[in-house]
J.: 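The following block contains the structure, expressed as structure tokens.
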Amino acid sequence: MSKGLPKRSEDYSLWYNELVKRAGLAENSAVRGCMVIKPYGYAIWEKMQRTLDDMFKRTGHQNAYFPLFVPKSLFEAEEKNAEGFAKECAVVTHYRLQTDPDNPGKLRVDPNARLEEELIVRPTSEAIIWSTYKNWIQSYRDLPLLINQWANVVRWEMRTRLFLRTAEFLWQEGHTAHATAEEAVAETRQMLEVYAQFAEEWMALPVVKGVKTENERFAGALDTYCIEGLMQDGKALQAGTSHFLGQNFAKAFDVQFTNKEGALEHVWGTSWGVSTRLMGALVMAHSDDEGLVLPPKLAPIQVVIVPIYKTGQLDELLERIRPMQMGLIDRGISVKVDDRDTERPGFKFAEWELKGVPVRLAVGMRDLENGTVEVARRDTKEKMNMPLADIVNNVASLLDDIQTSIYQKALKFRETHTHRVDTYEEFKQALEGEGGFVVAHWDGTSETEERIKEETKATIRCVALAEPDEDGVDMLTGKPSKRRVHFARAY
RNA sequence: CGGGGUGUAGCGUAGCCCGGUAUCGCGCCUGCUUUGGGAGCAGGAGGCCGCAAGUUCGAAUCUUGCCACCCCGACCA
């Protein structure tokens, strides 16, 4: 492991890339735009999955699995959705390879093995799922239908970045069907709340909840709700979306049910998802020039114990550390004892800091004689000595402190990086400075939104749910506005 | 797809203009000494120089073609 990460202040995106690789979260693969998620990174994703999955189950959802491939005819059924994704679809056209007569030892696509109908590798699963729902839904008694799937999807992005935008990524997608618009909207908003709660309580990432403008809306949805986080470089990151689909997919796939009065109606739909992009958000929101800073609730290793010893003392020291180690484990804390005899303490300290382990305990014979342990917290780099006798309680509450503290830090950052402006000059200044959210009046037209995007690269992240009504005028056109919206440059 | 760039050990690189089988650092292996903030010394292993063809006595180096990747732009529910 080489020393020293690039500095955030010097090259933020280089810092991010290096950090993801050096901390062992992910790396580029032999496939263009596709990453390998490494064990340490996958362990964090698994914790996210487990937590979210529990939250979905508690809100009444069940998991299922649908195919990776979508026949083109199904894919194109909902026109807006199909158009929205058409430019970034991987397409399977053949089903067989053969040895190449012109190139010994090489294979080629068998020209006689063309599929009668092309298969689209799912960029999202509405089409295949709604075509299935048609068979599952007949009566109001079949509703609501509340399904989630954990899956991979493929979007052939022209430019990719580890976790933030990869050609293949992992995600969950919820797809629900309801008897009424009101129920579907309630579902959409409920899942938005679930995402917001997860982001704030588990990822320690404060988010703005809001609704997308027409320009940014999911193709095929009537409304797209979202949570938006703010990264340390002042750019916003969309961390999750929840869509109210209206009856669009029900109509496209002819999904109808008989209501209590015996009349046929199209069902109302929602879909919602978060992806491995959350990993990118987690890294960018909290980490520093020394490495990752992980919130304790998602850290695969919450406490690392580094024994400090002289040659020959290791076994004895490990023996004496064991009661403390077991005490922490019994308390439900995940503990790693770094008993590698091949690395020195300084190296281990640096490595666990890079990997973002929230709490480090350094224990040597000297400490044991004094009845103390050296405790270091990753987020503030503070070191303190704690009595060995009470170490389990102290560490448990320290982990809670760290979770709260990094959330508060991120929240404070967002507050100091949110500017309310009234003129276009102020708007541009706010963006050019330290970035962040710029909250301003907008006349509600796509033209103005586009123009601002072209001139400043800032987009409307959302119309925040918490934003109060307020009469004003668009900073650019002077036309009337009833509410401010959140602008930012975004990932 | 347009513009620019780069491919040399696991990683990062020197050498290329001016042809003679490859430099340095990190990492790796062995041994000894070390071990409370990224150890020191000694020894060692590891290379179809992106691929293919051409020029030449001889190609990492020159020529041509191809491939891959990176950066900027376009693109990105």
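Proteins come first, then strands; the chains are lettered A, B, ... in the order of their sequence lines, and each starts at number 1.
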J.: Start at the 5' end of RNA chain B and walk down; is the nucleotide closest to A:I308 or to A:K453 reached first?
T.: A:I308

J.: A:K87 side chain N/O closer than 4.0 Å to the phosphate oxygens (OP1, OP2) of B:C76?
T.: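 Affirmative; the distance criterion is met.
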
J.: Going by the glycosidic torsion and a 90 degree boundary from 0, is the base of B:U21 oriented syn or anti?
T.: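 Syn conformation here, the glycosidic angle of B:U21 being no more than 90° from 0.
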
J.: At what distance, to the nearest 0.5 angstrom, does SG of A:C226 lie from NZ of A:K212?
T.: 4.0 Å

J.: Using whole Å, what does the distance between atom C1' of nucleotide B:C76 and atom CZ of A:R277 come to?
T.: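 Going from CZ in A:R277 over to C1' in B:C76 covers 9 Å.
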
J.: Heavy atoms only, 4.0 Å cut-off, all strands: where does A:K383 land among base, sugar-phosphate and nothing?
T.: base

J.: Which pairs with one or both residues in residues 230-251 of chain A pass salt bridge (charged side-chain N to carboxylate O under 4.0 Å, His left out), sequence neighbours excluded?
T.: none

J.: Is a salt bridge present between A:E27 and A:K38, judged by a nitrogen-to-oxygen distance below 4.0 Å?
T.: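 Yes, A:E27 and A:K38 are salt-bridged.
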
J.: Under 4.0 Å: is that the gap between some side-chain N or O of A:R344 and OP1 or OP2 of B:A39?
T.: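 For A:R344, the contact criterion (side-chain N or O under 4.0 Å from OP1 or OP2 of B:A39) is met.
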
J.: Scan A:E455, A:E454, A:E449 and name whichever one has a side chain to side chain donor-acceptor pair (under 3.5 Å) with A:R451.
T.: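 Between A:R451 and the candidates, side chain to side chain donor-acceptor pair (under 3.5 Å) is satisfied uniquely by A:E455.
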
J.: Assign A:G364 to base, sugar-phosphate, or nothing according to its heavy-atom contacts below 4.0 angstrom with the strands shown.
T.: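 The answer is base, as A:G364 lies within the cut-off (heavy atoms under 4.0 Å) of a base atom.
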
J.: Judged by each residue's nearest nucleotide on RNA chain B, which is more toward the 5′ side, A:F169 or A:G33?
T.: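 With A:G33 and A:F169 compared, the 5'-side residue is A:G33.
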
J.: Just jot down the ring-ring contact (aromatic ring centres under 6.0 Å, His included) partners of A:F437, sequence neighbours excluded, or say none.
T.: A:H486

J.: Convert the base pairs of RNA chain B into dot-bracket notation, remembering that pairs crossing earlier ones are written with [ ] and that bases paired across to another strand are shown as |; include only Watson-Crick or G-U pairs under 3.5 Å.
T.: (((((((..(((.......[...))).((((((.....)))))).....(((((..]....))))))))))))....

